[in-house]
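Input: a single structure, listed below in structure tokens.
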Amino acid sequence: MEKIVDIQHLNKSFGAHEVLKDINFSVNKGEVVSIIGSSGSGKSTLLRCINLLEKPSGGEIIYRGENILDDKHDLAEYRKHLGMVFQQFNLFNNHNVLNNCVVGQIKVLKRTRGEAEKVAMKYLGVVGMDRYINAKPKQLSGGQKQRVAIARALCMEPDVILFDEPTSALDPEMVGEVLKVMKDLAESGLTMLIVTHEMEFAKEVSDRVVFMDKGVIAEEGHPEHIFNNPSQERTREFLKRTLVQSRLAFV
Amino acid sequence: MSLDWVIKILVENWPMFLRGAGVTLLIALIGTVFGAIIGLLAGMIRTIPMPERGMRKILLKTINLILSIYIEFFRGTPMIAQAMVIFYGSALAFGIDMNVFAAAIIIVSINTGAYMAEIVRGGVLSIDKGQFEAAHAVGMNHMQTMWNVVLPQVIRNILPATGNQFVINIKDTSVLNVISVTELYFVTKTVSGISYRYFETFFVACMIYFTMTFVVTRILLYIEKRLDGSENYTMITNDTQFEAIQK
């Protein structure tokens with residue numbers, strides 16, 4: 001299987017605090033990988049290290065046979081092949097919905113405005129936001145913003161899209177619409193790497209689940225294995241905790 | 001009676017007042033625009049993330065130091081003294097006999113630039129980190145991020161402060177009378193020197209200053225509103241419109 005990104009011996013410290021310890025991990029083409037774990041386990045940091053929003057302290061990130069942590073490597077060139085969807089959406093506040101999806105294509109991919117708008121309309125259609133192209137971000141609901149953010153990432157036609165807790169900042173009734181879009185994308189064969197607290201969703205759509213604990217990958221495998229029959233004690237503990245919480249939410 | 005004098009002074013001297021007000025407004029306007037440009041450049045340079053090592057770090061540090069000195073000096077000294085130093089200093093040091101109007105614009109511009117640099121820096125710092133991250137994640141470099149995402153938001157945010165600076169400049173050009181710029185205050189002094197009616201003449205000047213600043217603030221508020229656009233948006237419900245975009 002073709003590896004999109006291959007991470008070897010990745011370390012990340014903030015001062016004396018080691019957030020990631022010797023991470024070895026890769027994403028294959030067409031695969032949907034979910035990263036789960038408690039807050040502070042390093043899963044968001046890992047995601048942010050992959051597209052270098054955080055600078056790793058050590059290790060290698062291999063992309064198309066090259067270590068992109070080499071000094072000579074062009075960051076912007078690498079990043080345009082990786083999509084990113086943020087917890088806080090981060091739509092460009094000064095642009096309307098259409099331009100949010102167009103500006104990157106024109107400036108980075110050097111597409112013409114006509115071409116870029118066509119691509120944008122296609123992907124805004126996929127996420128069901130093509131009728132809102134004139135709206136400014138502040139006029140949209142959280143769920144709508146996140147769907148536009150997904151379309152913005154899709155427009156760059158990246159090799160993989162990284163989702164950093166895409167539903168954590170949403171009101172409960174808006175979580176569904178975003179997860180639905182993501183599920184459709186997963187089924188369409190898009191390569192996705194998802195940091196999430198939505199266990200049911202992770203179980204359903206993932207080809208592989210990675211459980212992180214205290215800055216290391218504690219366990220990874222098929223969702224059936226991780227959720228139903230984990231081999232590690234701490235995985236079992238974590239799942240028990242989150243299950244209790246989700247039950248409490250219904251009380 | 002005073003009111004009669006006010007009217008008499010206005011009727012007899014209105015062309016002079018008008019020319020003085022025009023000069024004041026022109027210097028304030030050009031000075032604010034140039035000052036804003038200086039401020040944008042300086043503020044942007046001062047917010048470039050510091051490279052970790054190498055020549056670029058040394059270069060950026062040097063430029064930042066020069067900018068700091070510029071900002072501190074021009075914010076920390078009165079414009080009336082700067083006017084004297086620049087106007088007479090340039091004659092003394094380089095033998096340049098500066099045109100007073102050009103000197104006035106230079107003084108107001110660099111003075112405004114020093115304030116605007118800090119306003120712009122504050123404006124850039126107020127932009128959410130997520131905006132930078134999203135632009136970087138799309139693959140934009142620093143310049144593209146600044147130009148397409150950050151700067152438009154900064155300019156919107158600093159517009160009220162820039163308007164404020166413009167109003168201050170309309171009033172503060174009065175200090176330029178020390179280098180004989182024929183702006184409104186200089187004209188008023190001349191008129192009062194002829195009529196010997198100080199209260200009435202300067203009362204007229206105050207009214208003219210106030211009219212200018214009041215009109216300018218209203219215009220700026222209107223521009224701000226226009227820039228913010230409508231509170232509502234139009235949904236694309238018409239299918240021909242929809243298909244036109246998709247083509």
Side-chain angles (χ1 to χ4, degrees), chain A residues 48 51-55 71 74-101 103-109 114 117-118 120-122 124-125 130-140 149 152-153 155-156 158 161-162 164, chain B residues 48-57 123-124 126-159 224-247:
Chain A
R48 291 167 59 81
N51 75 350
L52 300 190
L53 288 177
E54 303 289 351
K55 200 176 182 317
D71 272 348
D74 183 0
L75 264 186
E77 164 62 27
Y78 165 68
R79 279 183 179 139
K80 77 181 186 194
H81 299 291
L82 272 70
M84 179 95 176
V85 174
F86 297 86
Q87 186 178 350
Q88 299 294 343
F89 331 122
N90 295 345
L91 292 182
F92 303 136
N93 291 327
N94 56 317
H95 290 295
N96 65 17
V97 166
L98 184 63
N99 273 334
N100 259 282
C101 297
V103 64
Q105 296 186 62
I106 293 175
K107 300 298 167 188
V108 178
L109 300 181
E117 285 187 357
K118 216 170 136 187
M121 287 312 286
K122 178 175 141 198
L124 283 167
D130 49 355
R131 300 201 170 240
Y132 293 85
I133 51 173
N134 293 319
K136 284 285 189 88
K138 65 175 179 192
Q139 294 162 329
L140 301 176
R152 175 175 69 181
C155 283
M156 303 299 288
I161 298 187
L162 315 175
D164 187 8
Chain B
I48 294 175
M50 189 60 71
E52 277 170 37
R53 55 185 175 274
M55 272 309 286
R56 295 189 53 172
K57 182 177 178 176
V124 174
S126 75
I127 302 295
D128 181 28
K129 213 176 84 195
Q131 298 285 307
F132 293 85
E133 289 187 347
H136 290 151
V138 165
M140 290 190 202
N141 57 31
H142 182 75
M143 275 305 288
Q144 288 171 328
T145 303
M146 278 309 210
W147 191 251
N148 295 294
V149 177
V150 178
L151 210 50
Q153 297 182 50
V154 169
I155 288 174
R156 169 62 193 88
N157 289 350
I158 66 169
L159 211 57
E224 268 180 51
K225 272 216 174 117
R226 280 290 302 271
L227 276 183
D228 283 346
S230 160
E231 282 291 304
N232 306 311
Y233 57 92
T234 46
M235 263 199 27
I236 308 292
T237 46
N238 180 331
D239 278 330
T240 48
Q241 204 183 348
F242 197 61
E243 278 152 25
I245 300 163
Q246 279 184 318
K247 252 178 234 151

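Worth saying up front: this structure is predicted, and the values here are computed from it rather than measured.
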Residue set satisfying ring pair (Phe, Tyr, Trp, His ring centres under 6.0 Å) with A:Phe86, at least two apart, ordered chain then number -> none
Do you know the tightest heavy-atom contact between B:Ala135 and A:Phe92? N-CE2, 3.6 Å
Rounded at 0.5 Å granularity, tell me how far CG in A:Asp164 sits from CD in B:Glu133. 9.0 Å
B:Asn141 side, atom CG; A:Asp74 side, atom CG - distance, nearest 0.5 Å: 8.5 Å
Side-chain (A:Asn90) to main-chain (B:Lys129) donor-acceptor, under 3.5 angstrom: no
Proximity breakdown for A:Asn51 and chain B, heavy-atom pairs closer than 4.5 Å: side chain
By a 4.5 Å heavy-atom criterion (distance strictly below it), what part of B:Gln131 contacts chain A: side chain, backbone, both, or neither? both
Region of A:Leu53 that comes under 4.5 Å of a non-hydrogen atom in chain B: side chain
A:Ala76 to B:Gly139 - nearest heavy-atom pair and separation: CB-O, 3.3 Å
Considering only heavy atoms from C-beta outward, does the side chain of B:His136 approach that of A:Met84 to under 4.5 Å? no
Would you mind checking which part of B:Asp128 comes under 4.5 Å of any heavy atom in chain A, side chain (CB onward), backbone (N, CA, C, O), both or neither? side chain
At a heavy-atom separation under 4.5 Å, does A:Leu52 approach chain B through its side chain, its backbone, both, or neither? neither
With a cut-off of 6.0 Å (strictly less than), are more than 12 heavy atoms of other residues, nucleotides or ligands near CE of B:Met50? yes
Please evaluate residues B:Asn148 and A:Lys107 with respect to the criterion side-chain contact (heavy atoms from CB on, under 4.5 Å), reporting the C-alpha separation (whole Å), side-chain torsions for both, the decisive distance (0.1 Å), and the verdict. CA-CA 9 Å; B:Asn148 295 294; A:Lys107 300 298 167 188; 3.2 Å; yes
So, the part of A:His95 with a heavy atom under 4.5 Å from chain B: the answer is side chain
Only pairs of heavy atoms separated by less than 4.5 Å count here; which of A:Val85, A:Asn93, A:Val103 has the most with chain B? A:Asn93
Identify which part of A:Gln88 has an atom lying under 4.5 Å from any heavy atom of chain B, answering side chain, backbone, both or neither. neither
For A:Val108 and B:Met140: C-alpha separation, side-chain torsions, deciding distance, then whether side-chain contact (heavy atoms from CB on, under 4.5 Å) applies. CA-CA 6 Å; A:Val108 178; B:Met140 290 190 202; 3.9 Å; yes
Quick one: pull up CG in B:Leu227 and CG in A:Asn94 and give me the separation to the nearest 0.5 Å. 12.0 Å
